[in-house]
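Letters go in sequence order (proteins before strands), and every chain restarts at 1.
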Protein chains: 2
Amino acid sequence: MRQNKIPQATAKRLPLYYRYLNNLNRQGKKRVSSKELSEAIKVDSATIRRDFSYFGALGKKGYGYNVEYLLGFFRSTLDQHETTEVALIGVGNLGTAFLNYNFTKNNNIQIKMAFDSDEEKIGQIVGGVPVYGIDEMMERIEGISVAILTVPVSEADVITEKLVKAGIEGILNFTPVRITVPEDVRVHHIDLAVELQALVYFLKHYPLQSK
Amino acid sequence: MRQNKIPQATAKRLPLYYRYLNNLNRQGKKRVSSKELSEAIKVDSATIRRDFSYFGALGKKGYGYNVEYLLGFFRSTLDQHETTEVALIGVGNLGTAFLNYNFTKNNNIQIKMAFDSDEEKIGQIVGGVPVYGIDEMMERIEGISVAILTVPVSEADVITEKLVKAGIEGILNFTPVRITVPEDVRVHHIDLAVELQALVYFLKHYPLQSK
DNA sequence: GAAATGTCGTGATTATTTTCACATATAATT
DNA sequence: AATTATATGTGAAAATAATCACGACATTTC
């Protein structure tokens, strides 16, 4: 379970590979080469082969990769056989977008419950997920190890503290706040304003074409 | 304008620095050290010093950095003196979240217009931004160089093609589709399902604490 | 069944990024 | 004024990641 040898950069690409293989499989494709994959997902073909090779020799020379086999392999590598249950905190626009996203289609990830402090929202079912009051969070969240944080900035720190107390292990943080957690809690940040500004910066300072 | 020497990894962190310096300045803080910054934004202090040093000697030994000076410096580096106008395509939950996000507060980025194909939404003002029909996009978008793409998967390719024809230079793509564009158009992907699945993978395979 | 073609897996190389660690300079203290 | 504490900027090293390029082998074609 903890064969910690795969580079982080590779690990980040695995879900991407997995989803595309799923697509191919649905389309009934039987084989695929690193070159084809490369064109579809915009990752250098040598990088793809290298990535796959960390898991052993999954392909066949002169043929490519067997889609079904590869898919099955990634399914178990990405623990897709067991469903990961997730909680979402903050049912605003962004939170609602997540609730309506069907993660279970490609990934065995399921948002099991959501929390909000707005009386209007409590008790509703959004995207098939029940919304509870924040005050119920501590009891209800037990057994869930991953949280998506889509609350306003002002709430971020307080909620994070509660999540940590409730034993959460991973947080996908969409607030601009760099939340503070014990070192055994993993936080991934997605900062929408930063991403947008970075794109603008790259546009002005890193001309493409010539490259 | 094109002193292409700053590492990409550094460039991606600039907006983060900028926002935090803004916060400090608002709080009336006069000085800050790389160590303080490091604790706040969770980036190694040596990395911060190195990042800053690409722009010259911005600090003072034994003192740290002058917040106002540094802020002013980044403001011009990040082109914050001029407003960047952006269009958003797809006013669903995710799109609406963006429209309600006040980018202008910290960043001189303004979503100037939005597009959707839903008759219900056309003509509305969401978060202060007018929503037009997709069919008006080609005319209206002229002069805008950045687009945020928050449409359903099925629309992604068609809309992208239109955006490219309309002369867009950068796309912040939230669809899982790896859109195809000419090489002089810059695309940044943010794939929510991939991010979530990557977090889950890291949790299971990259134990923290010990590290 | 021989020749041509295709594609993997990987050693070696190169590029990029992070981190260490310390000389150097400023600021604070006594 | 001397001493101590602080914090930068950066050379050098280490870590991480991407890419090249080719031998080996499977598949396809003739």
Next item on the list: Name the first nucleotide and the last nucleotide along DNA chain C (5' to 3') that come under 4.0 Å of a heavy atom in chain B.
Entry: C:dT17 to C:dA28
Next item on the list: Applying side-chain contact (heavy atoms from CB on, under 4.5 Å), name anything that partners A:S38, two or more places apart in sequence or on another chain.
Entry: A:S45, A:I48
Item checked: Strand contacts (DNA chain C) in residues 9-19 of chain A, 4.0 angstrom heavy-atom criterion -> none
Margin query: Show every side-chain hydrogen bond (donor to acceptor under 3.5 Å, both in side chains) that has at least one partner inside residues 147-174 of chain A, sequence neighbours left out.
Written below: A:N173-A:T175, A:N173-A:H189
Notebook entry, point to check: Should A:E36 and A:R31 be marked as a salt bridge (Lys or Arg N to Asp or Glu O under 4.0 Å) after you check the CA-CA gap, both sets of side-chain angles, and the distance that decides it?
Noted result: CA-CA 10 Å; A:E36 271 178 274; A:R31 59 184 272 192; over 6 Å; no
Notebook entry, point to check: Any side-chain heavy atom of B:L99 within less than 4.5 Å of one from B:V91?
Noted result: yes
Margin query: Counting neighbours of CD on B:E139 that are heavy atoms of other residues, nucleotides or ligands and sit closer than 6.0 Å, is the number greater than 12?
Written below: yes
Checklist line | Option passing ring-ring contact (aromatic ring centres under 6.0 Å, His included) with B:F73 (candidates B:Y17, B:F55, B:Y18) | finding: B:F55
Item checked: Residues which pass salt bridge (charged side-chain N to carboxylate O under 4.0 Å, His left out) with A:E82, listed by chain and number, not counting sequence neighbours -> B:K204
Notebook entry, point to check: Cationic tip of B:R140 within the cone over B:Y132's six-membered ring, i.e. under 6.0 Å and within 45° of the normal?
Noted result: yes
Next item on the list: Just jot down the side-chain contact (heavy atoms from CB on, under 4.5 Å) partners of A:Q27, sequence neighbours excluded, or say none.
Entry: A:N23, A:L24
Next item on the list: For DNA chain C, determine which residues of residues 42-52 of chain B have any heavy atom closer than 4.0 angstrom to one of its atoms, and list them numerically.
Entry: B:D44, B:T47, B:R49, B:R50
Margin query: Counting the benzene-type ring for Trp, do B:F52 and B:F74 have ring centres under 6.0 Å apart?
Written below: yes
Notebook entry, point to check: Knowing that exactly one of A:D116, A:I168, A:I148, A:I134 qualifies, which makes a side-chain contact (heavy atoms from CB on, under 4.5 Å) with A:I89?
Noted result: A:I134
Next item on the list: Kindly say whether B:E85 contributes a backbone atom to a donor-acceptor pair with the side chain of B:Q110 at under 3.5 angstrom?
Entry: no
Item checked: For DNA chain C, the residues among residues 64-77 of chain A that have a non-hydrogen atom under 4.0 Å from it -> A:G64, A:Y65
Notebook entry, point to check: side-chain contact (heavy atoms from CB on, under 4.5 Å) with B:D135: which residues, sequence neighbours excluded?
Noted result: none
Notebook entry, point to check: Which letter, B, S or -, goes with each nucleotide of nucleotides 23-30 of chain D from 5' to 3', with contact meaning a protein heavy atom under 4.0 Å?
Noted result: BBBSSS--
Next item on the list: Write out all pairs satisfying ring pair (Phe, Tyr, Trp, His ring centres under 6.0 Å) with one or both partners inside residues 76-114 of chain B, taking only residues at least two apart or from two chains.
Entry: B:F98-B:F103, B:F98-B:F174, B:Y101-B:F103
Check: Taking only residues two or more places apart in sequence, or in another chain, which ones meet A:R50 in a side-chain contact (heavy atoms from CB on, under 4.5 Å)?
Finding: A:S53, A:Y54
